[in-house]
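Order of appearance sets the numbers: ligands from 1, and atoms from 1 within every ligand. Residues take their numbers from the sequence shown, with the count starting at 1.
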Amino acid sequence: MENRRSLIAGNWKMFKTSSDAIDTVKEIVRRLKQVIDIDIMIAPPFISISSVAYIAGQSNIAIGAQNLFWEKEGAYTGEISAPMLLSVGCRYVIIGHSERRQYFGETDETVNKKMRAAINYDLTPILCIGESEKERESKDTFSVLDKQVKKGLKGFSKENLKKLVLAYEPIWAIGTGKTATSNQAQEVHRFLRLLLEKNFGNMLAESTRIIYGGSVKPDNINELMAMDDVDGALVGGASLSAETFCKIVNFKR
Ligand code: PEP
């Protein structure tokens, strides 16, 4: 089996002023200096990316964006492009987060265009997918995920997807305090790996990191990371405190 490098990613959403972001990242860099065996990423709000990336510098903390627009430049008021992100030291981008799908009209089609932009500019895309509570209750979880993956990755070859990270984020577990059990997460991650295998072959399926998101905390990370197909976590609320985020990064291994 492929040896996948774990990824713990923090999504700060619309939290922290620029000075709060600077203080938090300084603390994270200081506390995690010794961690070299996994990848760590922080996605601050757009306005803080530049200063946070400057502070993270050559450290082991990579910086990501929470969104991007697919055009390179133009009259698109309020939007940010892939080359702009690259220019301030961004290496990752979160695409299709459920909050963007829910509140900002993001669809599988716009997600696909954003994936294209990220891939064209060699950013590492973290493609978020997940089912609602209603969809889980009506046993539609797998069909919903199948559609989100196929449409989100439509038109790409396995060569395009070498950097892909899939984030399974059940909507019912985001910011709610409800976590999928480690067995529920494993079941879905296994399904997603087989789906990747069916569509892009065994090599890509085995090398792609599939991370879990939804109320990840220091007290549930060990159990989640012990699962074969859970390769990391996308952490929202618990990434806002340097102390809590660092505890998650220091999960048992
Ligand atoms: C997220 O924002 O991707 C997330 C999983 O949030 P939380 O950890 O707060 O549930």
Side-chain angles (χ1 to χ4, degrees), residues 6-16 20-21 24-25 28 38-46 48-49 52 61-68 90 92-104 106 111 114-115 118 123-133 135-136 141 144-145 148-149 152 164-182 184-186 188-189 192 209-225 227 229-251:
S6 302
L7 167 66
I8 303 291
N11 170 17
W12 285 355
K13 311 193 186 197
M14 197 177 74
F15 289 102
K16 294 189 188 292
D20 291 342
T24 311
V25 77
I28 290 174
I38 68 166
D39 290 340
I40 307 164
M41 187 280 272
I42 293 287
F46 280 134
S48 301
I49 289 179
V52 164
I61 314 295
I63 304 305
Q66 300 172 19
N67 183 28
L68 86 174
C90 230
Y92 287 78
V93 61
I94 298 170
I95 295 178
H97 191 283
S98 63
E99 287 152 14
R100 298 223 46 94
R101 295 181 192 250
Q102 188 178 350
Y103 305 128
F104 302 99
E106 204 135 294
V111 163
K114 291 180 178 197
M115 285 293 300
L123 285 159
T124 297
I126 302 183
L127 171 58
C128 299
I129 51 174
E131 81 286 6
S132 67
E133 188 152 36
E135 288 161 343
R136 175 161 280 264
T141 299
V144 167
L145 295 171
Q148 288 175 342
V149 170
L164 171 70
V165 177
L166 270 188
Y168 169 55
E169 298 209 302
I171 297 168
W172 48 270
I174 297 181
T176 59
K178 287 188 200 169
T179 324
T181 64
S182 46
Q184 281 173 324
Q186 169 59 26
V188 171
H189 284 221
L192 292 170
R209 290 176 297 179
I210 306 178
I211 65 176
Y212 170 79
S215 299
V216 172
K217 306 259 170 346
D219 60 8
N220 57 27
I221 186 70
N222 290 339
E223 214 188 308
L224 287 161
M225 292 305 290
M227 296 290 121
D229 289 289
V230 177
D231 305 314
L234 181 53
V235 187
S239 71
L240 295 172
S241 139
E243 187 186 352
T244 316
F245 182 66
C246 296
K247 279 188 186 155
I248 293 173
V249 170
N250 287 320
F251 68 89

Subject >> Salt-bridge contact Asp39-Arg209 (side-chain N to carboxylate O under 4.0 Å) >> reply: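 Yes, this pair counts.
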Original post:
Does Glu131 come within less than 4.0 Å of Arg136, counting only side-chain N to carboxylate O?
Top reply: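 Salt bridge: yes.
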Original post:
Does the N or O separation between Ser215 and ligand 1 drop below 3.5 Å for any pair?
Top reply: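 Indeed, backbone or side chain, Ser215 has an N or O that close.
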Subject >> Geometric N/O contact Glu99 with ligand 1, under 3.5 angstrom >> reply: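 Looking only at distances, the answer is no, because the N/O contact criterion of under 3.5 Å is not met.
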Which atoms from ligand 1 have a heavy atom of [X] less than 4.0 Å away?
X	answer
Gly175	7 (P), 9 (O), 10 (O)
Gly214	5 (C), 10 (O)
Ala173	10 (O)

Original post:
Which bit of Ile174 is near ligand 1, meaning a heavy atom under 4.0 Å away: side chain, backbone, both or neither?
Top reply: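 Both backbone and side chain.
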Original post:
What part of Ser239, side chain, backbone, both or neither, has a heavy atom within less than 4.0 angstrom of ligand 1?
Top reply: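 For Ser239, there is no contact with ligand 1 at all, from either part.
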**OP:** Answer yes or no: is there a side-chain heavy-atom contact under 4.5 Å between Ile126 and Tyr92?
**Re:**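 Side chain of Ile126 against side chain of Tyr92, heavy atoms only: contact under 4.5 Å found.
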Original post:
Between the main-chain N or O of Thr141 and the side-chain N or O of Glu135, is there a donor-acceptor pair closer than 3.5 Å?
Top reply: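 The answer is no, because no donor-acceptor pair under 3.5 Å joins these two groups.
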Original post:
Would Leu68 and Ile95 satisfy side chain to side chain contact (heavy atoms under 4.5 Å, CB included), going step by step from the backbone distance to the final call?
Top reply: CA-CA 8 Å; Leu68 86 174; Ile95 295 178; 4.0 Å; yes
Can you pull out the closest protein heavy atom to [atom]? Residue, atom name and distance to 0.1 Å, please.
atom	value
atom 1 (C) of ligand 1	His97 NE2, 3.2 Å
atom 5 (C) of ligand 1	Glu169 OE2, 3.1 Å
atom 9 (O) of ligand 1	Gly237 N, 2.8 Å
atom 8 (O) of ligand 1	Gly236 N, 2.8 Å

Original post:
Can a non-hydrogen atom of Ala167 be found less than 4.0 Å from any atom of ligand 1?
Top reply: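 The answer is no, since Ala167 has no heavy atom less than 4.0 Å from ligand 1.
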**OP:** Take every heavy atom of Ala238, measure it against each atom of ligand 1, and state whether any distance is under 4.0 Å.
**Re:**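 Not so, Ala238 does not reach ligand 1.
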**OP:** Look up atom CG in Asn250 and atom CD1 in Ile8, then write down how far apart they are to the nearest 0.5 Å.
**Re:**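 The CG atom of Asn250 sits 9.5 Å away from the CD1 atom of Ile8.
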Subject >> Nearest-0.5 Å distance that lies between atom OH in Tyr168 and atom CD in Gln184 >> reply: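 Tyr168 atom OH to Gln184 atom CD measures 7.0 Å (nearest 0.5 Å).
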**OP:** Please name all residues satisfying side-chain hydrogen bond (donor to acceptor under 3.5 Å, both in side chains) with Ser182, sequence neighbours left out, ordered by chain then number.
**Re:**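 Here the qualifying residues are Glu223.
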**OP:** Please check if any side-chain donor atom of Asp231 sits under 3.5 Å from a side-chain acceptor atom of Ser6, or the reverse.
**Re:**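 No.
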